[in-house]
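Computed from a prediction, not measured in an experiment: that's the story for all the values here. Letters A, B, ... are given to chains in the order of the sequence lines, protein chains preceding strands, and every chain is numbered from 1.
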Amino acid sequence: MGIKGLTKLIADEAPEAIKEHKVEHYNGRTVAVDASMAIYQFLIAIRHGSGGAAASQLTNEAGEVTSHIQGLFNRTIRMLASGIKPVFVFDGKPPTLKGGELDKRREKREKAESELKKAQEEANVEEQDRQSKRLVRAGKKESADCKKLLELMGVPWLEAPCEAEAQCAALAKIGKVYAVATEDTDTLTFATPRLLRNMTSAGDNPIKEIDYKKMLEGLGLTHAQFIDLCILMGCDYTSNIRGIGPKSALTLIKKYGDIEHVLENISKGKYQVPPEWLPRIKVRKPSSLPPSAPPSVSPVEEGDKAMPGDENACKTAEVDSKAGMEGEKEEGIKAAAIVAREVAPDEPAKSVEGEVMEMPAYVMARALFVQPEIHDPAELNFKWVEPNEAGLEAFLIDSLGFNPDRVKSGIAKLKASRGAMQQKRLDSFFKPSGSSSTSSTTLKRKEAPAAAKGKGKAKFGGKKK
DNA sequence: AGTCTGTCTCAAGACGGG
DNA sequence: CTATCTTGAGACAGACT
DNA sequence: CCTGTCC
């Protein structure tokens, strides 16, 4: 996940955008963290066995995996002890997109993944449980565990409608959080003003902070151009063009301004542009294809017509598998169209009367980055409260079998950090930090509910009609 | 020369005792 | 009691412009 | 710092 090679490109082309700070520099600051990614990392990293090739994770007596809880507990304590106030943002998902190729690809991946595992697990009935765990990213069970843990620890969380990274970026943009801590460079594409890397590693080596504005200046791009750059370099939503890597992508965008014009200029040459990158018009009547419409693209020899499933592709896109509300869908397409128009105003006719234009994949990717589905960050308020000591002990010690001493030690650290936090609050009382000091309606634990509302059980097309 | 692709390898969290 | 097996970033070779 | 352990 992320943009392929982006970190290196920034280091090479815009080094002034990266600065290193010690942890202390972030004392008292709030930081958004992609919880789902953290959970995933914990599940992978926290296992035992020799060398690093063992699959067994930490479990309680009942056999339930506890690796993610162990990891999150420690990491959260560490952050709070450093004076950093984290907000954990969960993926809402699925990253369902209303485009043909994207949907297809995602579903294929998911299906392949689950089928593979199913096949594996058919051999062993016991492991069917494990299959259910590792559904897509972090399973619902793991997320629920972590939400519960966070609430007991007095740490706020929320569930994004879709991608957590997009929600994190939105929070940072309006200053609800100071920065986003993540290893995922996708976050930059959502225009996070400050991205923190190495937040997780030990205290002595510094945190790397990437300043979005400086990065744009260093690269010499606008925000829209940066998004196009990321898409060209290779993002999660589209395939990339063979032969174009980070350097070429940057050069091309700088030269031509946006993907449309890049395509116009390179498609004549040797680059072989994947069919899903090209605007395709769905024509009922074959003869009505205007000569000007498809922007001079190299004739695709292998692509396009050869694909037997192609016709179905658009159908699949229309049909959509899941929760699919028509309104949402239309909204999405409309958004994509608007974006296209903005970026390429001088393009020849985008759509012909009566004909349906199929969006190129990059247009939809662009729409995803420009207008991601998020909760209005202005309506979200976070509060760090006293840890629920008894609840934590019951959950971690009694239910999960954690070592009582370690748990108590952790709680002690929580309380200590909380004391320090209060102190700081008093100190900075006279500084207008902009927090809604007296706005009475600071929600305590559930910012999420506003969030959780829309989702229900979209996962398996649940409703039988 | 510079750039991109493919293949390979490795390590991935955090803690505390020694 | 035993086999278990992902993802991404870095190093390097090789092809291409 | 290295290594085993956490559950």
Side-chain angles (χ1 to χ4, degrees), chain A residues 1-9 11-13 33 37-82 109 112-114 116-117 119-121 123-124 126-127 130-131 133-138 142 145-146 149 181-186 197-205 232-236 239-252 266 269-272 395-410 413:
Chain A
M1 325 178 37
I3 312 301
K4 184 191 153 194
L6 182 57
T7 307
K8 193 165 177 288
L9 186 77
D12 291 345
E13 306 292 329
V33 181
M37 173 140 309
I39 293 172
Y40 180 69
Q41 286 172 343
F42 289 139
L43 289 176
I44 288 177
I46 308 182
R47 15 170 117 179
H48 46 66
S50 59
S56 61
Q57 294 167 307
L58 307 184
T59 59
N60 68 357
E61 278 186 356
E64 296 166 324
V65 174
T66 55
S67 296
H68 53 300
I69 302 174
Q70 175 86 219
L72 185 66
F73 185 61
N74 287 327
R75 180 176 291 183
T76 306
I77 288 172
R78 168 190 269 241
M79 283 189 176
L80 288 167
S82 311
R109 279 185 193 169
E113 204 173 352
S114 66
L116 185 67
K117 290 189 173 171
Q120 281 179 343
E121 275 126 23
N124 286 338
E126 289 182 359
E127 298 200 356
R130 297 188 178 177
Q131 200 268 333
K133 279 183 228 161
R134 275 201 177 186
L135 209 66
V136 180
R137 287 195 173 183
E142 283 75 18
D145 290 340
C146 290
L149 176 67
T182 179
E183 305 303 312
D184 188 347
T185 48
D186 267 351
R197 307 197 82 183
N198 277 343
M199 187 62 117
T200 68
S201 56
D204 55 345
N205 55 337
L232 270 183
M233 287 172 65
C235 69
D236 293 343
S239 59
N240 49 351
I241 301 173
R242 179 169 237 270
I244 296 183
K247 305 276 188 176
S248 304
L250 179 58
T251 308
L252 289 170
I266 68 168
K270 51 239 159 179
Y271 291 112
Q272 154 182 351
F395 183 46
L396 296 177
I397 300 176
D398 300 338
S399 172
L400 297 176
F402 278 45
N403 181 314
D405 289 339
R406 290 185 180 231
V407 172
K408 282 172 183 168
S409 156
K413 287 184 191 172

Looking at [X], does any N or O in its side chain come under 4.0 Å of the phosphate oxygens OP1/OP2 on [N]?
| X | N | result |
| --- | --- | --- |
| A/Arg75 | B/dG13 | no |
| A/Ser248 | B/dC4 | yes |
| A/Arg47 | C/dC5 | no |
| A/Arg242 | B/dG6 | yes |

Separation between the [atom1] atoms of [N] and [M], rounded to whole Å:
| N | M | atom1 | value |
| --- | --- | --- | --- |
| B/dG18 | D/dC7 | C1' | 22 Å |
| C/dA3 | B/dG17 | P | 35 Å |
| C/dT6 | B/dC15 | P | 29 Å |
| D/dC1 | B/dA12 | P | 15 Å |
| D/dT5 | B/dC8 | C1' | 31 Å |
| B/dG16 | C/dT7 | C1' | 29 Å |

Given [options], the nucleotide with the shortest approach to the side chain of [X]:
| X | options | value |
| --- | --- | --- |
| A/Asn74 | D/dC7, B/dC4, B/dG13 | B/dG13 |
| A/Leu400 | D/dC7, B/dG13, C/dT7 | D/dC7 |
| A/Thr59 | B/dT5, B/dC4, D/dC7 | D/dC7 |
| A/Arg78 | B/dA14, B/dT3, B/dG13 | B/dA14 |
| A/Asn60 | B/dG13, D/dC7, B/dC4 | D/dC7 |

I'd like to check [X] versus [Y] (side-chain heavy atoms, cut-off strictly below 4.5 Å). Are they in contact?
| X | Y | result |
| --- | --- | --- |
| A/Glu142 | A/Phe42 | no |
| A/Asp145 | A/Ile39 | no |
| A/Leu396 | A/Leu149 | yes |
| A/Leu232 | A/Asn240 | no |
| A/Met79 | A/Met199 | yes |

Original post:
Does the pair A/Gln272 and A/Arg242 meet the rule for a side chain to side chain contact (heavy atoms under 4.5 Å, CB included), with working shown?
Top reply: CA-CA 7 Å; A/Gln272 154 182 351; A/Arg242 179 169 237 270; 5.7 Å; no
d([atom1], [X]; [atom2], [N]) in whole Å:
| X | N | atom1 | atom2 | result |
| --- | --- | --- | --- | --- |
| A/Arg406 | B/dC15 | CZ | C1' | 6 Å |
| A/Ile266 | B/dC4 | CD1 | P | 12 Å |
| A/Gln70 | D/dT5 | CD | P | 15 Å |
| A/Glu183 | C/dA9 | CD | P | 10 Å |
| A/Gln272 | B/dT5 | CD | P | 12 Å |
| A/Met233 | C/dG8 | CE | P | 15 Å |
| A/Ile44 | B/dA14 | CD1 | P | 14 Å |
| A/Gln41 | C/dT6 | CD | P | 18 Å |

Original post:
If you measure only the distance, is there a donor-acceptor pair under 3.5 Å linking the side chains of A/Arg197 and A/Thr182?
Top reply: no
**OP:** Determine the minimum heavy-atom distance between A/Lys4 and A/Pro246, stating which atoms define it.
**Re:** O-CG, 4.4 Å
Subject >> Closest approach of A/Ile69 to A/Leu400 (non-hydrogen atoms, all atoms of both residues) >> reply: CD1-CD1, 3.4 Å
Original post:
Base, sugar-phosphate alone, or nothing: which one does A/Lys4 contact when heavy atoms must sit under 4.0 Å apart?
Top reply: sugar-phosphate
**OP:** Pick base, sugar-phosphate or nothing for A/Gly243, based on heavy-atom distances below 4.0 Å to the nucleic acid.
**Re:** sugar-phosphate
Subject >> Contiguous Watson-Crick or G-U pair runs (3 or more, under 3.5 Å) in DNA chain B >> reply: B:1-12 with C:6-17, B:13-15 with D:4-6
